[in-house]
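Reminder, nothing fancy here: chain letters follow the sequence lines and each chain counts from 1. Values below: every heavy atom of this structure, side chains too, minus hydrogens, waters and symmetry copies. Predicted model, so just to flag it, every value in this text is computed and none were measured.
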Amino acid sequence: MKYDSIAELVLMAEKQKTSIGALVLKDQAKIAETEESVLFATMARSLEVMKDSVEKGLDKDKRSASGLTGGDAYKMKVSVDAGKNICGKIFGQAMVKALAVSQTNACMGRIVAAPTAGSCGILPSALLTIAEDRGLSDDELTMALFTASAIGMVVANQASIAGAEGGCQAECGAASAMAAAALVEVCGGTPKQSEHACAIALKNILGLVCDPVAGLVEIPCIKRNAAGVANAFVAAELALAGIESAIPADEVIWAMKKIGDAMSSSLKETAEGGLAITPTGKKLCEQVFGCSK
Amino acid sequence: MLQVFDIIGPIMIGPSSSHTAGAVRIGKYARSILGTEPKEAIIYFSGSFSKTYKGHGTDKAVIAGILGMETDDERIPISMEIATEMGVTFSFVEKEIDGAHPNTAEIVLKDAKGNQAVVQGASVGGGNIVINQINGTEVSISGKSDTLIIPHKDEPGMIAAVSNILAWNGVNIHGFSLCRDQKGGTAVMTIEIDGGIEEKVNQVILAHPHILGCTILKAI
């Protein structure tokens with residue numbers, strides 16, 4: 001498979017009466033000239049690292065190397081545990097986990113890039129949260145990671161997954177679309193519904209710029225991971241309810257590419273625009289590096 | 001061609017694939033070029049590396065690599081303390097290297113006997129690196145596959161001689177570059193190969209009268 005079209009992936013999964021995840025695993029094993037079980041075990045290891053990165057990020061006092069961020073996942077957890085959060089348990093838990101993984105990354109902890117380090121909180125938080133709620137097995141989650149990676153490959157091939165090329169829509173957008181499609185699959189939706197979820201998630205985040213304060217993967221990245229997983233749940237929820245994206249996923253990816261190309265380079269990971277050059281953004285930069293960029 | 005683990009992965013220590021994972025790999029490559037235990041390291045950071053290395057932990061990452069750690073080693077954040085405990089001294093210098101990639105580091109390593117290696121590398125995105133200078137010689141090495149560095153006399157037939165030895169031993173070349181200081185002087189071949197190479201092949205190469213050395217650098 002060439003991984004250049006979501007529609008094609010869905011069509012093949014439908015034809016073979018299988019999930020996108022199983023289809024991709026089979027294809028990837030063939031390409032790598034290895035057993036499916038070998039690839040599955042490697043992916044299962046990534047799932048373990050993801051779980052660990054959630055735990056490590058819940059630390060109350062740990063700060064990032066720059067000193068700019070830390071402790072947010074803990075605060076969110078306290079609120080959810082006390083039943084105080086306004087969006088319900090699933091949303092609350094998802095946000096806790098997304099913040100936690102993203103903080104682990106900022107604090108030089110071990111994470112799985114999914115698809116990037118900057119967006120590494122979205123996919124694990126989506127899958128681990130739904131697993132808790134529905135009692136899903138690690139095998140089901142591991143298979144869902146193959147589904148997610150197929151979506152990511154198409155986005156990477158047809159647009160980009162690098163903030164420096166496509167802005168944050170390429171990183172958190174791709175992660176969100178990957179998570180949305182995977183959520184649909186583990187919740188019993190069809191491949192077609194995964195396609196709609198992917199399209200909806202990406203549409204909701206189109207145009208988002210990459211404007212990190214001081215060029216660090218912290219502000220606004222950590223909170224955008226929380227927003228990204230919320231967006232993934234919204235998209236999956238809509239798709240599972242039978243709501244369709246008017247614009248097909250492949251065309252949304254095409255639009256994302258065009259938007260990324262049109263985006264000024266000051267808004268693509270250079271820290272020369274957006275939040276990075278607000279008075280506070282510049283002040284924080286100076287605080288970390290002793291001079292503003 | 002992309003594969004699933006390019007999307008879900010790599011497993012790495014954060015916060016940035018280019019400023020952290022890539023930096024570990026440049027450090028690790030410098031270590032393998034030195035070939036012995038480093039005792040002293042001077043690291044020159046250029047471009048974005050020099051401006052942001054503290055916030056990204058690039059300094060800790062390079063030291064971790066010099067100590068031989070992998071990109072997902074959880075000791076990376078405390079690599080400097082580990083180095084100090086091991087008696088490895090290190091320092092960082094901000095220096096603009098003309099025409100270099102924005103994320104460039106030059107590493108000068110010395111071992112206890114005073115042997116030295118000078119390695120310049122760039123972190124080019126997603127944790128990928130390009131080593132572009134070794135001991136003053138221009139090279140272009142990704143570190144993704146085993147690489148042979150062969151200094152030799154600048155004489156006719158040297159490329160054929162080496163490539164023949166590799167061909168006879170079933171070693172496939174997928175990347176090749178050559179540079180020399182002056183006509184008839186010393187030239188250096190950089191050969192990237194598929195799979196590994198046996199030590200006995202190395203001995204055959206070294207037996208050639210005009211070959212001055214052959215270093216096999218393992219993929220990292």
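- Of the two parts of Val24(A), only the side chain, counted from C-beta on, holds a non-hydrogen atom closer than 4.5 Å to a non-hydrogen atom of chain B.
- For the atom pair CD of Glu269(A) and OG of Ser16(B), the computed distance is 7.0 Å after rounding to the nearest 0.5 Å.
- For chain B, the nearby parts of Leu216(A) are the backbone and the side chain; heavy atoms of each come within less than 4.5 Å.
- Between chain B and the residues Ala113(A), Gly152(A), Ser66(A), the most heavy-atom pairs under 4.5 angstrom are made by Ala113(A).
- A distance of 7.5 Å separates CE of Met108(A) from CD1 of Ile13(B), quoted to the nearest 0.5 Å.
- For Lys51(A), the NZ atom is densely surrounded, since the number of other residues' heavy atoms within 6.0 Å is greater than 12.
- Contact annotation: the side chain of His19(B) never approaches that of Val217(A) to less than 4.5 Å [non-hydrogen atoms, C-beta and beyond].
- Chain B is approached within less than 4.5 Å, heavy atom to heavy atom, by Ile31(A), Leu39(A), Thr42(A) from residues 30-42 of chain A, ordered by number.
- In this structure, the side chains of Met178(A) and Ile8(B) come closer than 4.5 Å at one or more pairs of heavy atoms.
- Annotation for Ile111(A) and Gly14(B): closest pair CG1-N, 4.5 Å, computed over non-hydrogen atoms.
- In plain terms, the two heavy atoms of Asp73(B) and Arg110(A) that are nearest each other are CA-NH2, 4.5 Å.
- When all heavy atoms of Met12(B) and Ala117(A) are compared, the pair lying nearest together is CE-CB, 3.9 Å.
- Taking all atoms of both residues into account, the shortest heavy-atom contact from Ala65(A) to Gly55(B) is CB-O, 3.9 Å.
- When every heavy atom of Ala214(A) is checked against every heavy atom of Thr52(B), the shortest pair comes out as O-CG2, 4.3 Å.
- From Cys285(A), atom SG reaches atom NZ of Lys51(B) across 11.0 Å, with rounding to the nearest 0.5 Å.
- Here Val4(B) is the residue among Asp6(B), Val4(B), Leu2(B) with the most heavy-atom pairs under 4.5 Å with chain A.
- For Met50(A), the part sitting under 4.5 Å from any heavy atom of chain B is the side chain, from C-beta outward, and nothing else.
- A pairwise comparison of heavy atoms in Ser46(A) and Ile11(B) identifies OG-CD1, 4.0 Å as the closest pair.
- Counting heavy atoms of neighbouring residues, nucleotides and ligands inside a 6.0 Å radius, atom CD of Gln116(B) exceeds 12 of them.
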